[in-house]
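Notes follow once the structure below has been shown.
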Amino acid sequence: MMSEIQQRYQAVCERITQAALQAGRPPAQVQLLAVSKTFAAEQVREVAALGQRDFGENYVQEGVDKIAALKDVQGLVWHCIGPLQSNKTRPVAEHFDWVHSVDRLKISQRLSEQRPADLPPLNICLQVNIDGGPTKAGVSPREALALAQAVSALPRLVLRGLMTIPDPLESFDAQVAVHLQAKRLFDELHAALALPQFDTLSMGMSADLEAAVQAGSTMVRVGTAVFGVR
Ligand SMILES: *Cc1c(COP(=O)(O)O)cnc(C)c1O
């Protein structure tokens, strides 16, 4: 019999496949990032046993502890997706593979300086405030290109793309519309930067992954629908 987590995981994989087909996109273009914040290492292990490799964490210490607890599982890829303060960059640079929440130069400079020489460059997505007010996290769309150029020049980072967290919207069409704004910005930056590794548009969560895939997401970050209610 399938466990609950196994059923939920397969249902999410199926949602992603269906959304991609609906959008006329190859399902392999959309990666699942399983967001394991607040769940125990043993639950991550259960999802990893189903073949999942990419996991997202919001809180630095919780993430570092889970990474250590799961060292024996081969090939896991750890993504830091939560807000990052400059005094917390070192453990992130030392333990994670990706950071999705970079929204200012100072943070990226510290991550580059602190990335250990024996590890590959740290993968970076810039968090863009695609819909929000002045107090919301993320670089403004109009400042995104300048930040992207500065980040892409840092030696120990590789700029992979953009990440967005739009405010929740009820209707599918409204969700698609805001995700399309992010897709347009991504395409503009992709053309302007001409970086071969700028290939990731991290958007869509449990409630809006179909709309995000419709708009061009390449990585959906799904917590609740995989692990259950936090
Ligand atoms: C928690 C979180 C998610 C996952 O949200 P769900 O609604 O549980 O799928 C995705 N992205 C970020 C940045 C998060 O903090």
Side-chain angles (χ1 to χ4, degrees), residues 4-5 7-19 30-41 43-44 46-48 50 52-64 66-67 77-85 88-89 92 96-104 107 111 122-132 135-139 144 160-172 174-176 178-179 182-183 186 200-230:
E4 252 179 67
I5 224 166
Q7 289 177 21
R8 277 196 300 261
Y9 179 71
Q10 291 192 352
V12 168
C13 292
E14 188 56 28
R15 278 176 68 187
I16 294 170
T17 299
Q18 287 309 322
V30 186
Q31 249 186 302
L32 171 59
L33 174 54
V35 177
S36 45
K37 65 180 177 214
T38 79
F39 289 94
Q43 287 159 298
V44 175
E46 201 178 334
V47 174
L50 304 174
Q52 178 65 24
R53 285 295 165 266
D54 291 84
F55 291 93
E57 289 287 335
N58 281 60
Y59 311 105
V60 175
Q61 193 53 50
E62 180 189 337
V64 167
K66 254 175 253 182
I67 293 168
V77 180
W78 290 97
H79 301 244
C80 174
I81 62 174
L84 196 48
Q85 286 155 356
K88 297 269 182 62
T89 52
V92 173
F96 282 83
D97 303 292
W98 287 67
V99 182
H100 291 228
S101 42
V102 170
D103 63 0
R104 52 197 196 278
I107 297 281
L111 290 170
L122 185 60
N123 296 288
I124 301 291
C125 289
L126 301 184
Q127 183 174 347
V128 179
N129 181 0
I130 202 67
D131 62 341
T135 60
K136 203 173 156 179
V139 64
R160 296 299 301 271
L162 303 181
M163 183 272 253
T164 61
I165 316 176
D167 289 341
L169 291 166
E170 282 293 324
S171 92
F172 180 78
Q175 292 171 0
V176 172
V178 67
H179 287 312
K183 169 64 169 158
F186 175 82
T200 302
L201 183 51
S202 164
M203 62 184 190
M205 317 203 298
S206 293
D208 66 349
L209 76 85
E210 282 83 2
V213 170
Q214 176 67 40
S217 171
T218 70
M219 195 183 286
V220 291
R221 308 179 309 270
V222 182
T224 313
V226 171
F227 288 97
V229 177
R230 288 183 291 274

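All values below come from the heavy atoms of this structure, side chains included, with hydrogens, waters and symmetry mates left out. Numbering of ligands and ligand atoms starts at 1, following listing order.
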Quiz item: At what distance, to the nearest 0.5 angstrom, does CD1 of I81 lie from OH of Y59?
Solution: 9.5 Å
Quiz item: Taking side chain as C-beta onward, heavy atoms only, is V99 less than 4.5 Å from H79?
Solution: no
For residues 31-39, which side-chain donor-acceptor pairs fall under 3.5 Å, sequence neighbours excluded?
residue : atom : partner : partner atom : Å
Q31     : NE2  : D54     : OD1          : 3.2
S36     : OG   : G56     : O            : 3.4
S36     : OG   : E57     : OE2          : 2.7

Quiz prompt | First-shell residues of ligand 1 [heavy atom, distance under 4.0 Å] | solution = V35, K37, N58, I81, I165, M205, S206, R221, V222, G223, T224, R230
Quiz item: Does anything in residues 207-217 pair up under side-chain hydrogen bond (donor to acceptor under 3.5 Å, both in side chains), and if so which pairs, sequence neighbours excluded?
Solution: R15-E210, H179-D208
Please set out all donor-acceptor pairs under 3.5 angstrom arising from side-chain atoms of residues 164-172, sequence neighbours excluded.
residue : atom : partner : partner atom : Å
D167    : OD1  : K136    : NZ           : 3.1
S171    : OG   : A174    : N            : 3.0

Quiz item: Do F227 and I5 have side-chain heavy atoms sitting under 4.5 Å apart?
Solution: yes
